[in-house]
There are 2 protein chains.
Amino acid sequence: MWATSCGAATEADHRAREILTRVGDKWSVIVLYQLGEDTMRFTELLRTVPGISQRVLAVTLRGLERDGLVSRTVHPVVPPHVDYRLTPLGETLKETVTSLVRWTHEHLDDIDRARESYDETNGGPPRRPAVPDSDLRSR
Amino acid sequence: MWATSCGAATEADHRAREILTRVGDKWSVIVLYQLGEDTMRFTELLRTVPGISQRVLAVTLRGLERDGLVSRTVHPVVPPHVDYRLTPLGETLKETVTSLVRWTHEHLDDIDRARESYDETNGGPPRRPAVPDSDLRSR
DNA sequence: CGGTATCCTCCTCGATACTG
DNA sequence: CAGTATCGAGGAGGATACCG
């Protein structure tokens with residue numbers, strides 16, 4: 001229903017690609033995965049997803065919330081307490097996300113080996129374009 | 001096994017996130033999905049994945065090939081004939097990718113609605129940082 | 001046909017600092 | 001605790017041109 005022999009850029013295709021961009025985004029998948037395990041607070045996510053910055057986590061959560069995948073609950077206490085959890089819609093994605101993450105863990109080694117052998121036959125790992133040094137413009 | 005309460009940035013986690021970046025990349029998922037349907041030639045993919053540029057398709061395929069997910073077969077004829085298809089490793093990802101794409105199509109409307117209602121309660125869709133208008137340089 | 005080579009432009013992400 | 005504001009660097013991706 002998608003891979004029609006004719007490659008017309010339908011509206012649905014365009015939208016689908018847009019959504020995939022969100023779902024496929026670097027951090028969204030991980031955050032969704034974590035929330036699939038349990039309801040979590042902001043700082044908890046910040047710790048559990050090491051490497052993510054405060055700002056990016058905030059942006060990511062906002063995006064997921066806007067898409068209706070994650071809900072945000074503020075408990076009016078002090079200090080503030082905010083819970084994030086999957087919405088029913090988010091739950092429908094849970095299995096797919098889980099299998100994606102699981103696949104990744106199961107095949108880390110395969111990919112490592114594939115890359116090694118690829119880099120061997122071709123010359124080394126993908127090289128940087130080699131900065132022309134004369135690129136440092138006025139600052 | 002992943003969501004350990006302690007959020008130490010293990011090597012595996014780091015690698016896993018790297019792989020997710022590849023798998024979750026905008027175009028990779030779509031290309032993998034297409035190749036899941038059938039073996040395809042370069043130009044065929046170029047048409048079937050409307051919106052992708054020649055360069056980006058080439059880069060994407062190179063990446064997938066390096067990761068051992070896609071194989072490239074050159075038939076020494078003129079004009080050149082090159083086939084791309086999933087490797088056995090790529091096949092192991094097929095189901096997950098398919099369900100991801102299917103989910104996307106099934107929930108396009110849900111997401112649209114969620115965004116609308118979100119944008120309604122908050123002020124309009126996420127705005128651009130407001131281009132300082134004096135940014136429109138010569139074109 | 002199936003790519004590379006360049007160039008250039010956003011847009012994402014990270015670091016840092018400040019606030020309710 | 002849970003964010004927002006600001007800034008700056010880098011990479012992803014598009015347009016275009018050319019090659020085997």
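Keep in mind the model is a prediction, meaning the values are calculated, not measured. Numbers restart at 1 for each chain; the letters A, B, ... are given by sequence-line order, proteins then strands.
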### Query
Where does the angle between the aromatic ring planes of A:His81 and A:His75 fall among parallel (under 30°), tilted (30 to 60°) and perpendicular (over 60°)?
perpendicular

### Task
Measure distances between side-chain N and O atoms of B:Arg55 and base N and O atoms of C:dG3, and say whether any donor-acceptor pair falls under 3.5 Å.
no

### Query
Hey, is the side chain of A:Tyr84 poking within less than 4.0 Å of OP1 or OP2 on D:dC1, counting only N and O atoms?
no

### Message
Given C:dG2, D:dG14, D:dC1, identify the nucleotide with an atom nearest to the side chain of B:Pro80.
### Response
C:dG2

### Task
Measure from the side-chain N and O atoms of B:Arg17 to the backbone N and O of A:Pro50, and report whether any donor-acceptor pair falls under 3.5 Å.
yes

#### Entry: Integer-rounded Å distance: C:dA5 C1' and B:Gln54 CD
12 Å

### Protein-nucleotide distance (B:Asn122, atom CG; D:dT4, atom P), rounded to Å
11 Å

### Side-chain (B:Thr87) to main-chain (B:Leu69) donor-acceptor, under 3.5 angstrom
yes

## Note on the structure
Picking from C:dG3, D:dA2, D:dG14, the nucleotide nearest the side-chain atoms of A:Thr43 would be D:dA2

### Summary
note: A:Leu46, atom CG; D:dA2, atom C1'; distance rounded to Å ~ 10 Å

### Query
If you check every side-chain atom of A:Arg72, which of C:dG14, C:dC1, D:dG3 has the closest atom?
D:dG3

### Message
Distance check needed: C:dA5 P versus B:Arg62 CZ, whole Å only.
### Response
10 Å

### Query
So which one's nearest nucleotide on DNA chain C is more toward 5', A:Ile52 or B:His81?
B:His81

### Message
Between A:Arg41 and D:dC1, is there a contact of a side-chain N or O with OP1 or OP2 at under 4.0 Å?
### Response
no

### Message
Rounding to an integer number of Å, can you tell me how far B:Leu45 CG sits from C:dG2 C1'?
### Response
12 Å

### Salt bridge flag under 4.0 Å for residues B:Arg113 and B:Asp110
yes

